[in-house]
Amino acid sequence: MAAFTIAAGTGNWFSALALGVTLLKCLLIPTYHSTDFEVHRNWLAITHSLPISQWYYEATSEWTLDYPPFFAWFEYILSHVAKYFDQEMLNVRNLNYSSSRTLLFQRFSVIFMDVLFVYAVHECCKCIDGKKVGKELTEKPKFILSVLLMWNFGLLIVDHIHFQYNGFLFGLMLLSIARLFQKRHMEGAFFFAVLLHFKHIYLYVAPAYGVYLLRSYCFTANKPDGSVRWNSFSFVRVISLGLVVFLVSALSLGPFLALNQLPQVFSRLFPFKRGLCHAYWAPNFWALYNALDKVLSVIGLKLKFLDPNNIPKASMTSGLVQQFQHTVLPSVTPLTTLICTLIAILVRTQQMILLPQPPEYQGIQPSIFCLWFKPQGPRGFLRCLTLCALSSFMFGWHVHEKAILLAILPMSLLSVQKAGDASIFLILTTTGHYSLFPLLFTAPELPIKILLMLLFTIYSISSLKTLFRKEKPLFNWMETFYLLGLGPLEVCCEFVFPFTSWKVKYPFLPLLLTSVYCAVGITYAWFKLYVSVLIDPPVGKTKKQ
Amino acid sequence: MEKWYLMTIVVLIGLTVRWTVSLNSYSGAGKPPMFGDYEAQRHWQEITFNLPVKQWYFNSSDNNLQYWGLDYPPLTAYHSLLCAYVAKFINPDWIALHTSRGYESQAHKLFMRTTVLIADLLIYIPAVVLYCCSLKDISTKKKIANALCILLYPGLILIDYGHFQNIYNSVSLGFALWGVLGVSCDWDLLGSLAFCLAINYKQMELYHSLPFFCFLLGKCFKKGLKGKGFVLLVKLACTVVASFVLCWLPFFTEREQTLQVLRRLFPVDRGLFEDKVANIWCSFNVFLKIRDILPRHIQLIMSFCFTFLSLLPACIKLTLQPSSKGFRLTLVSCALSFFLFSFQVHEKSILLVSLPVCLVLSEIPFMSTWFLLVSTFSLLPLLLKDELLMPSVVTTMAFFIACVTSFSIFEKTSEEELQLKSFSISVRKYLPCFTFLSRMIQYLFLISVITMVLLTLMTVTLDPPQKLPDLFSVLVCFVSCLNFLFFLVYFNIIIMWDSKSGRNQKKIS
C-alpha cells in the first residue's frame with residue numbers, strides 16, 4: 001500500500017500538476033490540427049525514406065524541411081517508431097495522409113516529448129528562492145510558477161491543438177536557463193547550442209546568452225564596485241565554451257559541410273523572400289505601422305491628397321499576400337527590421353558589456369550596476385533574454401505570432417519574484433495569448449480556446465495578485481481597462497461580426513482589429529520592461545521589503 | 001469567499017474536460033437504420049416540434065413509436081421542444097418531419113453538444129458549486145477540492161458528452177441535487193419542488209424518491225405531527241401535487257392520454273433486464289436463465305420484494321432519525337438497491353447511485369472514490385461500443401489523481417475514517433480478534449483495482465472466443481456487480497451504526 005501511495009504521488013503537487021496537464025493534452029488529441037501536422041508528417045517521410053544528401057533538396061511537398069539538422073535527426077528517430085504505427089505515413093508521395101494511427105502517433109510524440117519540458121520546469125522551480133513561503137501551498141511561488149509554465153495556454157494550443165513541437169524545445173531552453181542559475185555554465189551553454197540546432201528561431205535570444213556567458217563566466221572576478229576586472233579573463237573558459245559550441249555545431253552541420261550542401265541548408269533555413277508581416281499580422285510594431293499606413297491612406301483618399309490610381313493593388317489585409325507596398329509611409333526592408341532589432345537589443349546588452357560605465361550613470365545610480373552585475377547575475381540575464389526575445393518580436397522580419405511564447409515563458413520565471421515584473425508579465429501574457437486566437441478558427445475549438453484562455457488568465461492574474469497582495473496593485477486603471485477590453489473585442493470579432501454585412505466586404509477586419517489591439521498591449525509591455533530594466537531599483541531594497 | 005478564483009478555475013476545468021470529451025464520437029454515429037441515443041434525442045425534437053402535444057406519446061403514421069418513441073416524462077419533451085425551436089432558427093432541416101431521420105453533420109453535432117453544455121452549465125454545475133460551498137466543518141480549500149472531484153466524475157461526463165445519453169442526465173441529476181441542497185438547508189418546499197422536477201424529467205429519479213420521502217416525513221414527525229409538523233406535511237403535499245399537475249397539465253385532459261404516457265414511461269413488458277447490466281439479475285443469469293424459467297409477473301414480484309427488503313432498514317432508520325448525513329447515505333443505499341434488484345435497469349442508471357456517492361466524497365473519501373471508479377468501469381462495454389476508450393481512460397485517471405491529491409485517500413483507511421469504528425467495536429464484543437477490517441478493505445481495494453485494470457486491458461486487446469462473443473462484457477458486469485454488492489453491505493452498515501457513534505461522541509463531549 002505504501003508503495004502504491006508513493007507511486008500515486010500523494011501530496012506531491014508537482015506530479016499531480018504534470019499528470020493533470022498531460023491528461024488534458026490527451027483529451028485534446030481529436031481537436032483540429034493545422035497544416036503543421038502535414039509538415040511534420042512530410043518531414044518524417046523525408047528523413048525516413050531518403051538519404052541524408054537529399055533531405056534539404058527534396059521538394060515533392062510544398063512543406064520542405066526548413067529546420068536545422070538536429071530537428072531532422074529528431075524526425076528521423078521518430079520515424080523509426082512511427083513505422084510500427086503506420087508505414088504509410090512514411091511515404092514522401094503520400095501528401096496530406098492522415099490515418100487515425102498517424103494522428104495518434106504524432107499527437108503522442110508531442111505529448112511524450114513534453115517530459116523534457118516538465119523536467120525543465122522542475123529544475124526551474126528549484127532556482128526560485130523560496131524565502132517568501134506562504135502558509136498555503138497554492139500561494140507558494142514554486143507552485144504558481146509550475147502552473148504558469150506547465151499549463152501555459154499558448155503552449156497548449158500551439159503544440160497540442162495547432163500542432164508543433166515547441167514543448168521540448170522550450171524545455172531545452174528552460175533547462176539551460178536553470179543550469180545558468182545553478183552556476184553550471186558549461187551545461188547551460190551546451191543545451192542552448194543544441195537548442196539552436198533544433199530550431200534557429202532561438203537565435204533571437206542568442207545575444208543574451210553570449211554576453212552573459214562572456215561577462216560572468218569568462219571573467220572570473222569583479223572589482224569591488226562590480227565592474228569587470230579585465231585581467232581576470234580566463235582563456236581556458238572561453239576555449240572550453242567555444243569548444244562546446246563548435247562540437248555541437250560540427251555534429252549538426254558537419255555532414256552537410258562534407259556534402260558541400262551548406263548554402264542549400266542555409267537558404268532553406270532563412271527564407272527572406274517572405275513579406276514583412278504574415279497574412280495575419282503578428283501584433284508587433286509593424287502591425288501598428290501598417291495600420292497607421294492604412295489609416296493615412298484612407299484619410300488621404302478621402303481628402304484627395306492621394307491619387308487612387310497610384311495606390312498599390314495588393315491590400316495588406318487580403319491574406320496570402322507575401323509582399324506589399326506601403327501607401328503613405330516608406331516601405332520596410334529586411335535590413336531595416338534587422339537594424340531596428342539590433343538597436344533594440346544592443347542598448348540593453350551594451351550595458352552588460354560596457355564596463356567603465358558612463359560617468360553620468362555612475363553618478364545617478366552607482367549601486368544599480370554593481371548589483372546588476374554581481375548579485376543579480378542570472379536574474380539580470382533572464383530579463384535581458386526576455387527583452388531580446390520581445391524586441392525581436394517587436395521589430396523582426398516576418399515574425400509569426402507564435403514567437404511571442406519566446407518572451408512569455410522566460411518572463412514567467414521573473415513574474416513570481418517581483419511585483420513589477422508580474423504586472424508586465426500579466427499584460428504581456430494576456431495580450432500575447434489573445435493574439436494567438438486566430439490560430440484556431442474552427443467552431444468546435446472555439447469553446448476550448450475561450451475556456452483555456454479564461455482558465456489561464458484568471459489563474460495567473462489572481463494567483464499573482466494574491467502573491468503580491470502586500471504591495472501596490474498590479475494594474476493601474478488604464479491597464480485594467482485595456483485588459484477588460486479584450487472581452488468585448490472577442491465578442492465583436494467572433495460572435496457579432498459573422499452576422500453583419502461587413503463579413504463579405506471586409507473579411508479580414510477582425511484579424512486586423514485583434515492584431516492592432518494586441519500590438520498596443522505588447523508594445524506597452526515591451527516599453528515598460530525596457531524602462532524597468534534601465535532604472536531597476538537595487539535588489540537589496542526589494543528583498544528587504 | 002476569498003478563494004472564489006480557485007472555484008472559478010475548478011468550474012473552468014470541468015467545462016474544458018466536458019467540451020474536449022464532446023469532440024469524440026457519439027452513440028450510433030453513422031450506423032443506420034436505428035442509429036443511437038443521439039438520433040433519439042434529435043428525433044424527439046422533430047416529433048415535439050412538428051406534432052401537437054396530444055400525439056407525442058401515441059403511435060401514428062407521423063410518430064412511429066418503434067423508432068425511438070418518446071418514453072420519458074413531459075419535462076423531457078418540453079426540453080426537446082425548446083431545443084427544437086433553437087434548431088429551427090439555425091437550420092430547419094435538422095428537425096424536418098420524416099426527412100430529417102438519421103441527420104448527421106458536424107454543425108448538428110456541435111449544436112447537440114452545445115445544448116448539453118448549456119443545460120449542464122445552468123443546472124448541474126451551479127448545484128455542485130453551491131453544494132460544496134454549503135458543506136460545513138471543512139476548510140475552503142477542501143470545499144474547492146471536493147467540487148473539482150465531483151465535477152470531474154468521469155461517468156457522467158462520458159455518458160452525457162461522449163455517448164450522448166438520450167436524456168440529459170446532468171439535468172435530472174442537477175435537479176435532484178438542487179433537491180438535496182434544498183432539503184438539507186431546510187428549504188423543504190424548494191427542495192421538494194426541485195426533486196419533483198427531477199422526477200418529471202426522468203422517471204428513474206424515483207430511485208431517489210424514498211429517501212426524500214422518508215427524510216421529509218421524519219422531519220415532520222420530529223416537529224410533532226399535531227403542530228408545526230402537520231403544517232409542513234400539508235405544505236409539502238401541496239407543493240408536490242401542484243408541481244406534478246403543472247408538468248402534466250396537457251396530458252390530464254383525457255384519461256387515455258395519462259395512461260398512455262404512463263405506459264410509455266414504465267414498459268413492464270420489456271423484461272427483467274435488457275442489455276448487459278451490472279445488477280444481480282444479469283449476473284445471476286450466467287448461472288441460471290431466470291428470464292426463461294420464470295413467468296414475467298413472478299419476475300416482477302420477485303424483483304420488487306428484493307428491492308423493498310434491501311432498502312427497508314435504511315429507510316426506517318432515516319424516518320426515525322432524520323439527519324442530513326443519514327439522508328445522503330440513505331440516498332446511496334436506496335439507489336444502489338434499486339440498481340441491483342429492480343426491474344428493467346439500464347447500465348447508465350448507475351449514475352443515479354454515483355451522484356449521492358459524490359455527495360459523501362468529503363466524508364468517506366476512500367470508499368467513495370473506489371465506488372466511483374467501479375461505477376465508471378461498469379460502463380466500459382457501452383463506452384467501448386461508442387469508441388470512447390481514450391477519453392474514458394484519460395478522464396478516469398484524471399478523476400483518480402484529483403481524488404488522491406485532494407483527499408490523500410490512502411492515508412484515510414483507518415476504521416475511524418471509514419466510519420466503521422462503532423461497527424467493529426460492536427462486532428468485537430463477540431469476536432475479540434476482529435481487528436483486521438481496515439487492512440482487509442485495503443486489500444480488497446487493491447484486488448478490485450487490479451481486476452478492473454486487467455479486465456480493461458483484456459477487453460481492449462484480446463478478441464473474445466468464438467463461442468462466447470460477450471465474454472468480456474459479461475465479466476465486466478459480473479465483477480462490477482460483486483463490487484456493488486459489497487458496497488451495498490458497507491453503506492448499510494455505516495447507516496445502521498452511524499448515529500450511535502454520533503450519540504457516543506456527544507456523550508463524551
Side-chain angles (χ1 to χ4, degrees), chain A residues 1-32 100 104 107-108 136-139 147 151 156 160-161 442-463 465-466 469, chain B residues 2-25 106-107 109-111 113-114 117 139-141 144 148 152 157 387 390-391 393-413 439 442-443 445-446 449-450:
Chain A
M1 208 66 186
F4 194 70
T5 310
I6 294 164
T10 308
N12 190 347
W13 52 269
F14 187 84
S15 47
L17 278 180
L19 278 173
V21 77
T22 309
L23 293 174
L24 180 64
K25 289 168 189 170
C26 292
L27 281 178
L28 293 176
I29 286 177
T31 50
Y32 146 89
S100 61
L104 269 186
R107 288 286 200 200
F108 272 125
E136 296 248 10
L137 166 71
T138 46
E139 287 174 16
V147 178
W151 287 71
L156 273 179
H160 301 277
I161 300 181
T442 43
E445 279 70 27
L446 179 70
I448 295 186
K449 72 178 178 187
I450 293 179
L451 286 170
L452 282 177
M453 172 84 184
L454 279 177
L455 192 68
F456 186 80
T457 311
I458 292 180
Y459 181 79
S460 56
I461 293 182
S462 343
S463 63
K465 268 191 174 166
T466 327
R469 59 176 170 257
Chain B
E2 84 247 54
K3 291 278 172 64
W4 63 269
Y5 80 91
L6 283 178
M7 197 52 114
T8 321
I9 299 285
V10 162
V11 172
L12 284 172
I13 291 178
L15 286 175
T16 313
V17 172
R18 280 163 164 72
W19 190 260
T20 44
V21 169
S22 82
L23 296 174
N24 287 283
S25 169
Q106 272 303 314
K109 180 183 168 191
L110 204 62
F111 163 71
R113 298 295 202 193
T114 316
L117 191 76
S139 66
T140 316
K141 216 175 130 196
I144 292 164
L148 178 69
L152 280 185
I157 298 180
E387 297 167 15
M390 180 78 185
V393 174
V394 171
T395 48
T396 311
M397 280 168 68
F399 171 74
F400 185 61
I401 292 171
C403 287
V404 170
T405 38
S406 46
F407 294 110
S408 40
I409 53 172
F410 297 116
E411 290 153 22
K412 296 195 175 158
T413 49
R439 185 142 292 268
Q442 289 178 23
Y443 280 117
F445 173 78
L446 269 188
V449 167
I450 290 171

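Convention: sequence-line order gives letters A, B, ...; per-chain numbering from 1.
When all heavy atoms are compared, the tightest approach of B:Leu110 to A:Ala443 is CD2-CB, 3.4 Å. A:Pro30 approaches B:Leu23 most closely through the heavy-atom pair CG-CB, 4.4 Å.
Remark: A:Phe456 pairs with A:His433 by the ring-ring contact (aromatic ring centres under 6.0 Å, His included) rule, at least two apart or across chains.
Neither the backbone nor the side chain of B:Leu117 comes within less than 4.5 Å of any heavy atom in chain A. Contact of A:Ser463 with chain B is made through backbone and side chain together, with heavy-atom distances under 4.5 Å. Heavy atoms of A:Ile29 lying under 4.5 Å from chain B belong exclusively to its side chain. B:Lys109 does not touch chain A: none of its heavy atoms, backbone or side chain, sits under 4.5 Å away.
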**Request:** Would you sort out whether B:Ile401 and A:Leu23 count as a side-chain contact (heavy atoms from CB on, under 4.5 Å), showing the intermediate values?
**Result:** CA-CA 10 Å; B:Ile401 292 171; A:Leu23 293 174; 3.9 Å; yes

**Criterion side-chain contact (heavy atoms from CB on, under 4.5 Å) on B:Tyr5 and A:Ile461, from CA distance to verdict** = CA-CA 10 Å; B:Tyr5 80 91; A:Ile461 293 182; over 6 Å; no

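Here B:Ser408 contributes atom OG and A:Asn12 contributes atom CG; the two are 12.5 Å apart, rounded to the nearest 0.5 Å. Taking CG of A:Leu27 as the reference point, atom CZ of B:Arg18 lies at 12.0 Å (rounded to 0.5 Å).
Counted within 6.0 Å of CE on B:Met390, heavy atoms from surrounding residues, nucleotides or ligands total more than 12; the atom is thus considered enclosed.
If you tally non-hydrogen atom pairs under 4.5 Å between each of A:Leu452, A:Thr31, A:Leu451 and chain B, the highest count goes to A:Leu451. Annotation: maximal heavy-atom pairing with chain A below 4.5 Å, among B:Thr395, B:Ile13, B:Leu12, B:Thr114, occurs at B:Leu12.
Under a 3.5 Å cut-off, the side chain of B:Trp19 and the backbone N or O of A:Glu445 do not form any donor-acceptor pair.
Within the 4.5 Å cutoff, the side chain of B:Thr8 has no heavy atoms near those of the A:Leu455 side chain.
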